[in-house]
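Have a look at the structure below, then the notes.
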Amino acid sequence: MLALHGIKGHGARWRRIAETSLHDFSVIAPDLRGHGRSDHAPPWNTEAHVADLLSVLDARDLDRVDLLAHSYGGLIALCLAHAAPERVGRIVLLDPSVGLPARQMHDQARRALSPGFFTGPEQARAERGSAWPAASAAALEEEVAEHLVQRGDGRWQWRFEPAAVVTACSEMAGPALTPPATVPTLLVIARRSGFVSPEYVRACRATLGERLAVAELDAGHMLYLERPEETGERIRRFLRGRAGHGEA
């Protein structure tokens, strides 16, 4: 399984759900270009991400994988599935960021230009705790340990390239790409985020028919960190083929 994080994120965020819910899978969770410990050099568009990911699969001699993707990672997963459908088995989309309102993405892109710095890990942890009020203390500690880096001037920042985030915001405001018609897909919607519109669900169902399963969780956008057990159970049911009648 290839797991794709969202903007400002990193692959290690998948560690907990991989260890607790995906025992039957070898989960590959790279840092996307412009994020984490991967190369931060451009280009940062979906085409570059798709090329990077295909290189990862080729390097591991993997002909076909399932995709697990969150937020902007969902858009990249969809682009990968359309570019190389023969390489994709099934897709799990966790609150994907596709076809989002232009004004919302404009505002988010402008905020990304000033990512903010911290005086130390404690301040960074407090900021992340405020942004993720439902996440566990362990998840917050792991985020700080994995994703925070100290600059040459002594200040601290998260490991991502702001320009890559701006590029992603522009792409998330583009047309609402749906999965290929032949790829079984689970769409998990976070009820409290508002990222997935009813129109997008209808578009996916029109494309996929019975190949689409839809689930909703009472969570914010970071649902797999806020509700890891429930999210993991939805994913397991889908992957084991026990999600019927369009629900998971």
Side-chain angles (χ1 to χ4, degrees), residues 1-7 14 17 21-22 24-25 27-29 32 45-47 49-50 53-54 57 62-101 105 168 171-219 221-224 227 230-248:
M1 173 172 282
L2 185 63
L4 308 179
H5 63 79
I7 58 171
W14 296 108
I17 199 167
S21 301
L22 300 172
D24 299 335
F25 288 83
V27 179
I28 304 165
L32 297 173
N45 54 31
T46 53
E47 292 84 359
H49 291 306
V50 167
L53 294 171
L54 290 174
L57 299 185
L62 296 171
D63 294 329
R64 191 177 179 87
V65 294
D66 292 328
L67 301 179
L68 171 62
H70 172 249
S71 194
Y72 179 59
L75 177 57
I76 297 170
L78 293 169
C79 291
L80 174 58
H82 280 279
E86 73 283 359
R87 308 295 295 269
V88 176
R90 296 164 292 186
I91 302 176
V92 176
L93 298 173
L94 303 182
D95 219 35
S97 297
V98 294
L100 297 181
M105 289 298 96
E171 294 187 310
M172 288 186 287
L177 186 64
T178 58
T182 58
V183 180
T185 300
L186 169 63
L187 174 61
V188 184
I189 302 167
R191 291 193 191 119
R192 289 189 274 113
S193 78
F195 274 62
V196 179
S197 68
E199 292 78 15
Y200 184 69
V201 177
R202 287 195 291 269
C204 288
R205 197 172 298 285
T207 300
L208 290 161
E210 292 299 317
R211 290 188 176 90
L212 177 70
V214 179
E216 293 189 17
L217 292 181
D218 184 19
H221 187 54
M222 300 301 297
L223 67 174
Y224 71 107
R227 299 289 185 91
E230 293 177 59
T231 304
E233 176 59 25
R234 300 289 187 175
I235 296 170
R236 282 197 306 272
R237 288 182 59 193
F238 173 73
L239 296 176
R240 290 173 181 171
R242 291 189 286 128
H245 302 96
E247 297 182 354

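Since the model is a prediction, treat every value here as computed from it, not as a measurement.
Under a 3.5 Å cut-off, the side chain of Glu171 and the backbone N or O of Thr46 do form a donor-acceptor pair. Under a 3.5 Å cut-off, the side chain of Arg234 and the backbone N or O of Val188 do not form any donor-acceptor pair. Although no hydrogens or angles enter the test, the distance criterion places no donor-acceptor pair under 3.5 Å between the side chain of Arg191 and the main chain of Ala219. Listed for the Ser71 side chain is no donor-acceptor partner under 3.5 Å among the backbone atoms of Gly73. Judged by distance alone, the side chain of Thr182 and the main-chain N or O of Pro180 form no donor-acceptor pair under 3.5 Å.
The OH atom of Tyr72 sits 10.5 Å away from atom NE2 of His5, with the distance rounded to the nearest 0.5 Å. The CZ atom of Arg90 sits 7.0 Å away from the CE atom of Met1 when rounded to the nearest 0.5 Å. Considering CD1 of Ile91 and CZ of Arg211, their distance stands at 12.5 Å, rounded to 0.5 Å. The CG atom of Asp95 sits 9.5 Å away from the CG atom of Leu217 when rounded to the nearest 0.5 Å. Atom CG in Leu75 sits 11.0 Å away from atom CD1 in Ile7 (nearest 0.5 Å). Note that the CH2 atom of Trp14 and the CG atom of Leu94 stand 5.0 Å from one another [nearest 0.5 Å].
Here the shortest heavy-atom pairing between Gly89 and Pro184 reads O-CD, 3.6 Å. Between Leu208 and Ala181, the closest heavy-atom pair is CD2-O, 3.7 Å. In plain terms, the two heavy atoms of Arg87 and Leu62 that are nearest each other are NH2-O, 2.8 Å. The two residues Val88 and Ala81 have their closest heavy-atom pair at CG2-CA, 3.9 Å. Residues Thr207 and Pro179 approach most closely at CG2-O, 3.4 Å, considering heavy atoms. Between Tyr200 and Leu93, the shortest heavy-atom contact is OH-CD1, 4.4 Å.
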Could you go through the side-chain contact (heavy atoms from CB on, under 4.5 Å) check for Leu187 and Val201 one step at a time? CA-CA 8 Å; Leu187 174 61; Val201 177; 3.9 Å; yes

Run Met172 and Val98 through side-chain contact (heavy atoms from CB on, under 4.5 Å) and show every step you take. CA-CA 5 Å; Met172 288 186 287; Val98 294; over 6 Å; no

Between Val92 and Asp66, does a side-chain contact (heavy atoms from CB on, under 4.5 Å) hold up when you go through it step by step? CA-CA 8 Å; Val92 176; Asp66 292 328; over 6 Å; no

Run the side-chain contact (heavy atoms from CB on, under 4.5 Å) check on Leu57 and Val65 step by step: do they pass? CA-CA 8 Å; Leu57 299 185; Val65 294; 3.8 Å; yes

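The side-chain heavy atoms of Arg192 and Leu223, taken from C-beta on, include no pair separated by under 4.5 Å. Side-chain atoms of Cys79 and Leu177, non-hydrogen and from C-beta on, do get closer than 4.5 Å to each other.
Note on ring orientation: taking the six-membered ring where Trp is involved, the planes of His221 and His70 are tilted (angle from 30° to 60°).
Here the rule is side-chain contact (heavy atoms from CB on, under 4.5 Å) with Leu68, and of Leu2, Leu22, Leu4, Leu239 only Leu22 fits it.
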